[in-house]
Amino acid sequence: MTTPRQTLSYLRHLFEHRGIAPNRRYGQNFLIDLNTHDLIARSAELGPRDVVLEVGPGAGALTAMMAEKVSAVVTVEIDPAMAQLTREAVSGLQNVRVLQQDALARKSEIAPEVLDSLRAGLAVAPDRTLKLVANLPYHVATPIISNLLVHPELCPSLMVVTIQRELADRMMAEPHGEMYGALSVLVQALADAEIVRILSPKVFWPRPKVESAIIKIVPSAEKRAAIPDLPWFHEVVRRVFTLRRKNLRVVLYRLWKPYWRDKAQVDALLEALDLTGDVRAEALNVQEFIDLAEALRSRLGPSAAELPDPDDSETPESDDHPADDEDGDGDGDGGGDGGGEGGGDG
Ligand SMILES: C[S@@+](CC[C@H](N)C(=O)[O-])C[C@H]1O[C@@H](n2cnc3c(N)ncnc32)[C@H](O)[C@@H]1O
């Protein structure tokens with residue numbers, strides 16, 4: 001077995017020879033411990049019916065290992081130099097498609113070319129199943145995972161990914177805690193998740209500043225079926241956590257203002273759900289979020305999904321960084337009137 005030291009030396013020489021260096025902007029921390037690659041592949045229970053999506057193949061070591069076991073691998077690599085290394089690592093393997101592009105379109109959606117390649121791979125035989133297996137670049141992990149989780153036809157049967165440990169902890173977090181946010185609700189509402197292993201910075205080159213984790217997410221058909229409108233659920237969870245420190249009465253009134261005559265209508269909706277208006281989003285459990293989204297859907301109607309965020313310029317596609325209170329007013333909503341917290345969730 002190649003040791004981490006040998007892999008590191010190989011990568012260093014390869015990069016030097018090509019005149020390239022790891023690019024922090026792209027979250028390039030390469031796994032140098034091949035045992036970890038092996039653990040990722042084993043945890044993904046790879047088999048001949050699988051079509052694997054790998055975002056960020058880097059030098060292609062995990063790609064080549066997986067391609068031996070599965071029916072097809074679709075890899076997406078933003079960095080042309082890395083895409084070239086991946087192509088070389090899998091040359092001779094007919095079942096790997098290397099897309100050199102951003103895996104995301106419009107910052108938070110999975111690029112249509114990626115989805116089309118997955119559809120093509122799955123269409124080859126009716127028993128093919130999709131899996132996401134990757135050492136994900138940290139800045140795209142949340143949109144990749146959450147978009148696949150709610151995707152109507154391309155939700156994977158399994159996701160095994162390496163991510164920052166903090167993000168893994170957020171996925172597993174319980175209500176009331178600082179870590180609990182849109183991503184916790186989304187993952188727990190739609191899947192069963194477990195942390196497979198915490199990874200020390202030492203297994204990467206260059207070493208990141210923080211720990212990472214391999215997380216295994218198993219989307220559940222039963223849980224999905226309990227949520228009638230997945231995109232709406234995603235939208236409600238994401239929006240409500242943009243104002244995590246306001247009470248729910250204020251949050252709902254403010255987020256869907258054109259739809260309410262007055263706050264008494266919000267109170268009536270909350271009362272029907274057995275919730276008091278002074279409760280905060282971070283206190284709601286997953287089932288309460290499912291019920292809330294459904295009640296709002298019935299009350300507000302389909303056009304509510306089209307409503308822009310209260311102040312779109314300040315509210316990115318995210319919510320959830322714990323405990324920021326950027327406007328200093330003590331309520332942590334990051335703005336005087338409905339701005340978001342930023343930080344990368346849901
Ligand atoms: C953490 S490295 C993983 C590399 C390799 N799979 C490994 O395990 O050593 C993340 C990889 O994702 C690529 N990447 C970063 N942002 C991306 C994006 N938006 N779309 C596709 N690939 C991206 C980086 O260039 C890098 O190769």
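In this chain, residues are counted from 1 in sequence order. What you see is a predicted model, and the numbers here were worked out from it, not measured in a lab.
- When all heavy atoms of Arg249 and Asp267 are compared, the closest pair comes out as NE-OD1, 2.7 Å.
- Look at Asp50 and Lys69 and you find no salt bridge, because none of the NZ, NE, NH1 or NH2 atoms lies under 4.0 Å from a carboxylate O.
- Distance alone, capped at 3.5 Å, places no donor-acceptor pair between the Arg207 side chain and the Pro201 backbone.
- Atom CD of Glu271 has 12 or fewer neighbouring heavy atoms from other residues, nucleotides or ligands inside a 6.0 Å radius.
- Judged by distance alone, the side chain of Thr36 and the main-chain N or O of Ile32 form no donor-acceptor pair under 3.5 Å.
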Candidate pair Arg245 and Glu178, rule salt bridge (charged side-chain N to carboxylate O under 4.0 Å, His left out), full reasoning: CA-CA 11 Å; Arg245 294 186 194 276; Glu178 292 275 281; 3.3 Å; yes
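- Minimum interatomic distance between Ala103 and Ile144 (heavy atoms only, all atoms of both residues): CB-CD1, 4.0 Å.
- Side chains of Val240 and Leu252 form a contact here, defined as non-hydrogen atoms less than 4.5 Å apart.
- In this structure a side-chain-to-backbone donor-acceptor pair under 3.5 Å is present from Arg239 to Leu255.
- At a threshold of 4.0 Å, the pair Asp38-Arg42 counts as salt-bridged, since one of the basic side-chain nitrogens sits closer than that to a carboxylate oxygen.
- Taking CG of Leu132 as the reference point, atom CG of Leu158 lies at 9.0 Å (rounded to 0.5 Å).
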Stepwise side-chain contact (heavy atoms from CB on, under 4.5 Å) test for Thr162 and Tyr138: CA-CA 9 Å; Thr162 302; Tyr138 71 94; over 6 Å; no
Worked verdict on Thr276 versus Leu270 for side-chain contact (heavy atoms from CB on, under 4.5 Å): CA-CA 6 Å; Thr276 55; Leu270 289 172; over 6 Å; no
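- Residues Tyr253 and Tyr259 place their aromatic rings such that the two centres sit no closer than 6.0 Å.
- Using a 3.5 Å distance cut-off with no hydrogens or angles, the side chains of Thr75 and Arg97 do not pair a donor with an acceptor.
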Full working for side-chain hydrogen bond (donor to acceptor under 3.5 Å, both in side chains) between Glu54 and Thr63: CA-CA 7 Å; Glu54 185 193 17; Thr63 324; 2.6 Å; yes
Salt bridge (charged side-chain N to carboxylate O under 4.0 Å, His left out) between Asp169 and Arg165, intermediate numbers included: CA-CA 6 Å; Asp169 287 340; Arg165 181 190 181 162; 3.4 Å; yes
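- Distance CD1/Ile215 to OG/Ser43: 11.5 Å, rounded to 0.5 Å.
- Residues Leu183 and Leu136 are members of one and the same hydrophobic cluster, defined by side-chain heavy-atom contacts under 4.5 angstrom among Ile, Leu, Val, Met, Phe, Trp and Tyr.
- Nearest heavy-atom pair across Ala182 and Phe241 is N-CD1, 3.4 Å.
- Linking ILVMFWY side-chain heavy atoms closer than 4.5 Å, directly or via other members, places Leu149 and Ile214 in two distinct hydrophobic clusters.
- Considering CD1 of Ile40 and CG of Leu62, their distance stands at 5.5 Å, rounded to 0.5 Å.
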Step-by-step side-chain contact (heavy atoms from CB on, under 4.5 Å) determination, Glu166 to Val210: CA-CA 9 Å; Glu166 189 209 311; Val210 293; over 6 Å; no
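- For the pair Pro137 and Val55, the tightest heavy-atom approach, listed with the atom from each and the gap, is CD-O, 3.9 Å.
- Side-chain atoms of His13 come within 3.5 Å of backbone atoms of Ser9 as a donor-acceptor pair (strictly under, hydrogens ignored).
- The shortest side-chain heavy-atom distance between Ile20 and Leu85 falls under the 4.5 Å cut-off.
- Taking the six-membered ring where the residue is Trp, Phe15 and Phe30 present perpendicular rings, their angle passing 60° and hence far from 30°.
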Stepwise side-chain hydrogen bond (donor to acceptor under 3.5 Å, both in side chains) test for Arg18 and Gln84: CA-CA 11 Å; Arg18 302 293 170 103; Gln84 180 55 29; over 6 Å; no
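- With hydrogens and angles disregarded, no donor-acceptor distance shorter than 3.5 Å links the side chain of Glu68 to the backbone of Met65.
- Side-chain N or O atoms of Tyr180 include one that pairs as donor or acceptor with a backbone N or O of Leu284 at under 3.5 Å.
- By the criterion of side-chain heavy atoms lying less than 4.5 angstrom apart, applied directly or through intervening Ile, Leu, Val, Met, Phe, Trp or Tyr residues, Ile78 is not grouped with Val114; the two fall into different hydrophobic clusters.
- Proximity of a side-chain donor or acceptor of Lys216 to a complementary backbone N or O of Val160 within less than 3.5 Å is not detected.
- In this structure, Trp232 and Leu296 have side chains that are in contact, with non-hydrogen atoms separated by less than 4.5 Å.
- The backbone N or O of Arg170 lies less than 3.5 Å from a partner atom in the side chain of Ser184, making a donor-acceptor pair.
- Contact annotation: the side chain of Asp291 approaches that of Gln287 to within less than 4.5 Å [non-hydrogen atoms, C-beta and beyond].
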Worked verdict on His151 versus Leu115 for side-chain contact (heavy atoms from CB on, under 4.5 Å): CA-CA 10 Å; His151 200 281; Leu115 298 176; 3.9 Å; yes
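- To the nearest 0.5 angstrom, Ser157 atom OG is 8.0 Å from Arg49 atom CZ.
- Note that CG of Leu46 is 5.5 Å distant from NZ of Lys131, once rounded to the nearest 0.5 Å.
- By the rule that hydrophobic residues join a cluster once side-chain heavy atoms approach within less than 4.5 Å of another member, Met172 and Leu167 end up as members of one cluster.
- For the pair Ser108 (side chain) and Leu104 (backbone), a donor-acceptor distance under 3.5 Å is absent.
- Scanning all heavy atoms of the two residues, the minimum distance from His37 to Ala61 falls at CE1-CB, 3.7 Å.
- Residues Leu93 and Val70 are members of one and the same hydrophobic cluster, defined by side-chain heavy-atom contacts under 4.5 angstrom among Ile, Leu, Val, Met, Phe, Trp and Tyr.
- Considering only heavy atoms from C-beta on, Ile163 comes within 4.5 Å of Met171 through its side chain.
- Put simply, the side chain of Asn29 gets close to the backbone of Pro206: a donor and an acceptor are under 3.5 Å apart.
- Nearest heavy-atom pair across Gly121 and Val51 is O-CG2, 3.7 Å.
- One finds no salt bridge joining Glu153 and Arg224 here, because no Lys/Arg side-chain nitrogen approaches an Asp/Glu carboxylate oxygen to under 4.0 Å.
- Surrounding CZ of Arg197 are at most 12 heavy atoms belonging to other residues, nucleotides or ligands under 6.0 Å away.
- Judged purely by distance below 3.5 Å, without hydrogens or angles, the side chains of Asp79 and Gln28 pair a donor atom with an acceptor atom.
- A distance of 13.5 Å separates CZ of Phe204 from CG of Leu8, quoted to the nearest 0.5 Å.
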